[in-house]
Amino acid sequence: MVQLILAGMLVVAFVGLALIVVRVIQLPSLRSLEVDVARLAATRAAGVALTARHELATLVDLIMRQAIGLTGAEGGAVCLYEHNMLNLVASHGLSPETNVEPITTSEGVAGQAAALQRTISLPDYALWSDHRGIDPSSMPIHATIAVPMIFSEEVVGVVVVFEVKTGRHYTDSEVAALELLAPQAAIAIVNARVFNDFQAAKATLTTQVEELTMLQRVDQELSATLNLDSVLTLTVDWALRRTGARAGTISITTMDGAALVPFTRLGYPSGAIPYTAENPAPLTWGIAGRAARTRQVELVSDVSKDADYVPVLPGVRAQIAVPMEVQRKLLGVLVLESDRAETFNVENLDFISRLSARAAIALDNARLYRESERLADDMAALYAAGRAISSTLDREELISRAAQSMATLLDVSSALIAEYRPDQDEAIVLGVYRLGTAPNASETLPPVGTTWKLTAFPALRETLTRQQTRALSASEDALSDQDRRWLEDLGVMALALVPLTVQPQTLGVLLALESRRERLFTRDDLLLCESLAGQVAVALRQARLYDEVRELESLKSEMIRMASHDLRGPLGNLMGYLEVLVNQLGPTLNTAQHGYVENIRYATRAMKALIDDLLSLEKIESEHSMKGETFDLAALTVEVVETQQASAGLKSQSLSLEPTAGSLKAVGNVTQMRQAMTNLVYNAIKYTPNGGRIVVRVHDGDHRLQFEVEDNGYGIPLDRQARLFQRFYRAKQPGTEDIPGTGLGLSLVKTVVTRHGGDVWVRSGDGAGSIFGFWLPKPISDSS
Ligand code: ADP
């Protein structure tokens, strides 16, 4: 295009030259010939000079001055044709009152030249305009030439020269010089316009490409990294480069969304921004705070007129604050500051908004990632704490583990457990734990056993009586005087109180104490405490129940032992004297009296059986160490079966022993084993009707010795089998209700067998007979 225009200029110059040569040939005077040749050379030089100008304002000024120079005129003007109007863009020598309003093409001499597309040369403009009904005083000039500047049949503008004084006339050669200049000027103007348009287009394109590159880099960075620092630094850096601003920050909203923490800072001297993570900026702070509150981009071109502006850097004129949101959730604010009022405009606002929208995604991703990591950590810690707590039934141990878990889980300097005594309206410290990393924490922890009268501790009382989790902070204005004193006494700055409840009871309270720094316990922190407290409360209750059961057990054993011993003597007397009486009175007793005597005998025997069973069970259970003698289980089985043959005979039952191959060596207490085996065989006889069949087996398994007794008696329904080996349990069912017993026999079997390292089993069904058995481990040495 530019080459085309230059070629055009050459052609026009050539044609112009030819024209002047023709006119020169017609002129007679040698003197004027010289002047014309000089003018010709000047015109050519002027045309060349025009092509070097691209800036439109300079160019039209140059055209005007060249026109004046070529014609020796007093004044000149250039009008450019734009939007159907001729605009005066350069002038010289016009009086100040001249009307320079844009004119339509047909008006005035310039308008005429443009409309007719030819040179108009007037001896006197004043006369001419008066003639045409135009007020001559609006343009007080006389001799005038107006030459249209035409390019490609289009009028680009008009170049005018004029005389302010009367009496001067322009020569043909002067008109010709102007006519030669005009097309070159037209080409130079078009050229400059094209050049300027091209430059503008290039600039726009460059910016767009630059913006796209930046945004693409942000996108790449976003998908490639969770490194918030690098993404946000890039964002501020690009925003500064794009706008030419001096300094910029991105602040991130705090967890509760109530404040802003400066995260990335570029262009600020260190310490210039007075806020930090520990001391975040409130949303009332500066234009950034306003953007956060209104969720609008705040573009302030003159900060001195903005009441919210807080000066951080000297000499700042303009500021822009862009809220960064994802799904209407405010994540941060981008702030840019500049020394120039016009730095932030509509064009770069669009870019900054798009840039910050992308950075907001990075913020959101990082937040989600942090949150999921934190949740996973919390869950793992809670799980570990839960396991530690539930794996002990020892109360002391449990309390110490619970306090330790609480301190670790919340990362507080220490934790404390206190028991609630509602009757006394007080709490007693059961255990305290100080985190290993906070050995120098300044708190004064109360010793175990300290009693807190609840009247003096309102927050503690509220937690215990209302079962409400609470957080206290020394910086809280609403803190009661008593609670404030409590925090001071403990030497802590923040405290969380979590009730230990197993509905409907409140067992106590778990305290998290922080003395190293100010701390606001978040909702999440408190939820975590509550989960832990739930587990601690259940474990505490279990430990308490376990202690109670243990206490009851030993009390019961003691009672049984005492009662049995105390009963055995009188009962022996009773039975002895009964027999003496029966012997002496026997012949005199009638049938009914014989019945009474039998009843007494039956009852006393039952009492004796109960006492014997109780005592032998107690004896076995209280024997803590077990004597380990080696015995032959096969031989012991033969002995037991032998001694029970008589009982079986009384019920016409067949009691047999399946043959075994040789001896079966076992280690343990023979007396106890004999008792256990006898119980099983005797039960089979008892719970099998007359004429039944009982088989006893003992054999050598791979690693075990097995003993079992099978009968074809009453059997036991499945639903009554679970508790068979518990003390005093009797599975009464049709047929067995009247069979005497204590419900202690099987319990003794189980105690003995488990003490020998084995276990018991039963297979039975209602009316289907039963198999009771047990296994014992084989002795390790020379078992062959
Ligand atoms: P008991 O003194 O009542 O026999 P045990 O502890 O020896 O006490 O037995 C518990 C219960 O188990 C018995 O009351 C009986 O209901 C059931 N039982 C035990 N052995 C047998 C068996 N061989 N056949 C059927 N029921 C049995």
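Just follow the structure's listing: the first ligand is 1, and inside any ligand the first atom is 1. Keep in mind that this is a model prediction, so the values were computed, not measured.
Nearest protein heavy-atom contact of atom 27 (C) of ligand 1 is Tyr687 CD1, 3.5 Å. If you check which protein heavy atom lies closest to atom 5 (P) of ligand 1, you get Leu746 N, 3.6 Å. Residue, atom and distance of the protein heavy atom nearest to atom 2 (O) of ligand 1 are Thr742 N, 2.8 Å. When hydrogens are left out, the protein atom nearest atom 12 (O) of ligand 1 is Leu724 CD2, 3.4 Å; that is the closest non-hydrogen contact. Closest to atom 23 (N) of ligand 1, if we only count protein heavy atoms, is Asp711 OD2, 2.9 Å. The protein atom (non-hydrogen) at minimum distance from atom 3 (O) of ligand 1 is Arg730 NE, 2.5 Å.
In this structure, Ala684 is part of the shell of residues with a heavy atom less than 4.0 angstrom from ligand 1. Heavy-atom separations between Gln733 and ligand 1 are all 4.0 Å or longer. Using a 4.0 Å heavy-atom cutoff, Thr736 is absent from the residues neighbouring ligand 1. Put simply, no part of Phe725 is less than 4.0 Å from ligand 1, judged by heavy atoms.
Below 3.5 Å of separation, one finds no N or O of Gly715 facing any N or O of ligand 1. Polar contact with ligand 1: absent for Gly741 (N/O pair, distance under 3.5 Å). Residue-to-ligand polar distances keep Tyr729 apart from ligand 1: every N/O pair is separated by 3.5 Å or more.
Taking CG of Leu610 as the start and OG1 of Thr742 as the end, the distance is 6.0 Å to the nearest 0.5 Å. Rounded to the nearest 0.5 Å, atoms CD (Glu514) and CG (Leu435) are 9.0 Å apart. Considering CG of Leu513 and CZ of Arg519, their distance stands at 11.5 Å, rounded to 0.5 Å.
For ligand 1, the atoms sitting less than 4.0 Å from at least one non-hydrogen atom of Lys686 are 1 (P), 2 (O), 4 (O), numbered in the order shown with element in parentheses. Those atoms of ligand 1 with a heavy atom of Phe772 less than 4.0 angstrom away are 19 (C), 20 (N), 21 (C), 22 (C), 23 (N). Residue Ile716 has at least one heavy-atom neighbour below 4.0 Å for each of these atoms of ligand 1: 25 (C), 26 (N), 27 (C).
Closest to atom 7 (O) of ligand 1 by heavy atom, among Asn683, Val681, Asp766, is Asn683.
Note: Tyr687 and Tyr714 fail the aromatic proximity criterion, with ring centroids not under 6.0 Å apart. Aromatic pair Trp775/Trp761: ring centres not closer than 6.0 Å.
The side-chain heavy atoms of Gln644 and Thr678, taken from C-beta on, include a pair separated by under 4.5 Å. Counting heavy atoms from C-beta outward, Asp483 and Pro458 have side chains that approach closer than 4.5 Å.
Checked for salt-bridge contact, Arg544 and Glu419 meet the test: a charged N lies under 4.0 Å from a carboxylate O. Under 4.0 Å is where a charged nitrogen must lie from a carboxylate oxygen, and between Arg601 and Glu598 at least one such pair does.
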Can you check side chain to side chain donor-acceptor pair (under 3.5 Å) on Glu530 and Thr469, steps first, answer last?
-> CA-CA 8 Å; Glu530 283 174 356; Thr469 301; 2.4 Å; yes
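Side-chain contact annotation: Gln706 with Arg697, donor-acceptor N/O pair under 3.5 Å absent.
Heavy atoms of Ala731 found under 4.0 angstrom from ligand 1 belong to the backbone as well as the side chain.
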